[in-house]
Amino acid sequence: MQALYAQLLVGLINGSFYALLSLGLAVIFGMLNIINFAHGALYMMGAFVAYFFLEYTGLGYWWSLLLAPIVIGLFGMVLERTMLHRLQGLDHLYGLLLTFGLALIIQGLFQNYFGSSGLPYAIPEQLRGGINLGFMFLPIYRAWVVVFSLVVCFATWFLIERTRLGAYLRAATENPTLVQAFGINVPRMITLTYGLGVGLAALAGVLSAPINQVRPLMGADLIIVVFAVVVIGGMGSIMGSIITGFALGVIEGLTKYFYPEASNTVVFVLMVLVLLVKPTGLTGRAN
């Protein structure tokens with residue numbers, strides 16, 4: 001039973017990263033209709049920014065949680081203004097190819113300078129150790145990752161679905177000309193939305209750094225699974241991405257316990273089954 005609980009915990013941890021990353025993808029696709037294949041590379045950059053803060057400025061984990069998403073969000077806004085903005089109105093394929101190329105360039109640059117091996121990032125002192133629950137030993141940092149990810153995911157959902165700002169964002173994607181007629185700067189809103197999406201990826205990178213180390217290819221290992229999560233939940237569905245991310249992490253953990261050989265493919269098998277039954281995803285809506 002201890003092995004089962006351990007795999008469930010690993011599944012929840014992975015589900016936290018899946019949920020945060022797929023949430024960022026869903027925000028970008030749902031609001032901007034951009035398939036952002038560079039998301040994994042920006043997740044990796046978030047972890048490296050945290051590492052740079054620690055090594056060169058002495059700013060620790062807590063500052064990185066705040067500053068790394070801002071730094072990568074600003075970088076994403078520059079990308080949107082200088083490159084992605086030019087593809088507005090074109091087929092999704094052009095955005096996919098551009099962001100795929102950006103991902104390869106970013107990963108190649110970091111791999112050239114830092115190699116493929118991981119760089120250690122220490123768990124903050126306040127979150128070290130664990131709690132003996134009787135049936136298992138629960139590391140404090142891993143529990144923090146799950147709880148913090150849940151809070152961020154539902155705060156983002158509330159921002160987009162339940163606030164005036166979120167209403168403006170949704171309206172700007174449906175009818176940008178009408179929204180602009182009311183005096184709202186739609187291009188600026190689009191840029192800020194992209195910054196929010198990639199900022200969520202960077203936040204996931206900071207959370208991941210003490211667990212998975214900081215590696216140039218850490219995003220490449222996750223991005224295909226995260227896209228599968230987004231497809232299963234429904235492209236552009238905020239709540240669908242959150243629920244599906246955590247659920248698939250748990251399912252993956254259970255699969256590792258009961259049938260380890262299928263753990264790397266169970267997400268894709270589920271994706272195929274969902275697409276056969278409901279092509280728009282579990283919570284997606286047909287256009």
Side-chain angles (χ1 to χ4, degrees), residues 1-26 39-40 42-44 46-48 50-51 61-62 64-65 68-69 118-133 135-156 200-215 217-230 232-233 241-260 262-268 270:
M1 291 302 296
Q2 284 186 337
L4 175 60
Y5 293 137
Q7 287 301 331
L8 280 174
L9 177 60
V10 170
L12 275 175
I13 296 294
N14 289 337
S16 300
F17 298 133
Y18 295 162
L20 273 177
L21 285 166
S22 61
L23 175 61
L25 276 177
H39 214 64
L42 295 165
Y43 157 79
M44 174 269 293
F48 266 98
Y51 177 80
Y61 175 83
W62 302 107
S64 294
L65 273 182
L119 300 170
Y121 190 92
I123 295 174
E125 188 175 348
Q126 299 91 331
L127 298 176
R128 291 176 186 171
I131 303 170
N132 191 347
L133 301 177
F135 57 90
M136 69 173 292
F137 185 80
L138 177 64
I140 294 175
Y141 184 77
R142 284 160 171 75
W144 154 257
V145 168
V146 174
V147 173
F148 185 70
S149 298
L150 279 169
V151 171
V152 171
C153 285
F154 286 105
T156 305
L200 289 170
L203 183 63
V206 178
L207 291 172
S208 174
I211 297 176
N212 299 317
Q213 295 194 325
V214 182
R215 298 177 291 109
L217 297 180
M218 61 189 293
D221 298 338
L222 273 181
I223 190 62
I224 300 300
V225 177
V226 172
F227 265 105
V229 170
V230 173
I232 293 172
S241 295
I242 297 170
I243 295 173
T244 307
F246 280 101
L248 288 183
V250 172
I251 291 171
E252 193 178 62
L254 289 173
T255 307
K256 285 180 181 177
Y257 178 79
F258 290 107
Y259 190 53
S263 61
N264 292 327
T265 58
V266 63
V267 173
F268 303 104
L270 289 172

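Throughout, residue positions are numbered sequentially from 1 according to the sequence presented. Just so you know, these numbers come straight off a predicted model, no measurement behind them.
Minimum heavy-atom separation, T255 to A262: CG2-C, 3.7 Å. The two residues F246 and S16 make their nearest non-hydrogen contact at CE2-OG, 3.5 Å. Between I123 and P210, the closest heavy-atom pair is CG1-CB, 3.7 Å. In terms of heavy atoms, V230 sits closest to S22 at CG2-CB, 3.5 Å. Heavy atoms only, all atoms of each residue included: L207 and Y141 are closest at O-OH, 2.7 Å. Nearest heavy atoms, A68 versus A202: O-CB, 3.9 Å.
Between K256 and V266 the shortest side-chain heavy-atom distance does not fall below 4.5 Å. You'll find the side chain of F17 stays beyond 4.5 Å of the side chain of V226, heavy atoms only. At a threshold of 4.5 Å between non-hydrogen side-chain atoms, the residues Y121 and Q213 do not count as touching. Using a 4.5 Å heavy-atom cutoff, the side chains of Y43 and L203 are not in contact. I140 places none of its side-chain heavy atoms less than 4.5 Å from the side chain of R128. In this structure, Q7 and L254 have side chains that are not in contact, with every pair of non-hydrogen atoms separated by 4.5 Å or more. Taking the side chain as every heavy atom from C-beta outward, L9 and P139 approach each other to under 4.5 Å.
The 12-atom threshold is not exceeded at CZ of R142, counting heavy atoms of other residues, nucleotides or ligands nearer than 6.0 Å.
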For F258 and L4: C-alpha separation, side-chain torsions, deciding distance, then whether side-chain contact (heavy atoms from CB on, under 4.5 Å) applies.
CA-CA 9 Å; F258 290 107; L4 175 60; 4.2 Å; yes
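Using bins of under 30°, 30° to 60° and over 60° for the plane-to-plane angle, the ring pair F148/W144 lands in the parallel bin.
When only modelled atom types and interatomic distance are considered, Y61 and Q126 share no side-chain donor-acceptor pair under 3.5 Å. Using a 3.5 Å distance cut-off with no hydrogens or angles, the side chains of Y18 and S241 do not pair a donor with an acceptor.
Between L138 atom CG and I131 atom CD1 the span is 5.5 Å, to the nearest 0.5 Å.
When each of V229, L270, V267, I251 is checked for a side-chain contact (heavy atoms from CB on, under 4.5 Å) with T244, only V229 meets the rule.
For H39 (side chain) and L21 (main-chain N/O), a donor-acceptor pair under 3.5 Å exists by modelled atom type.
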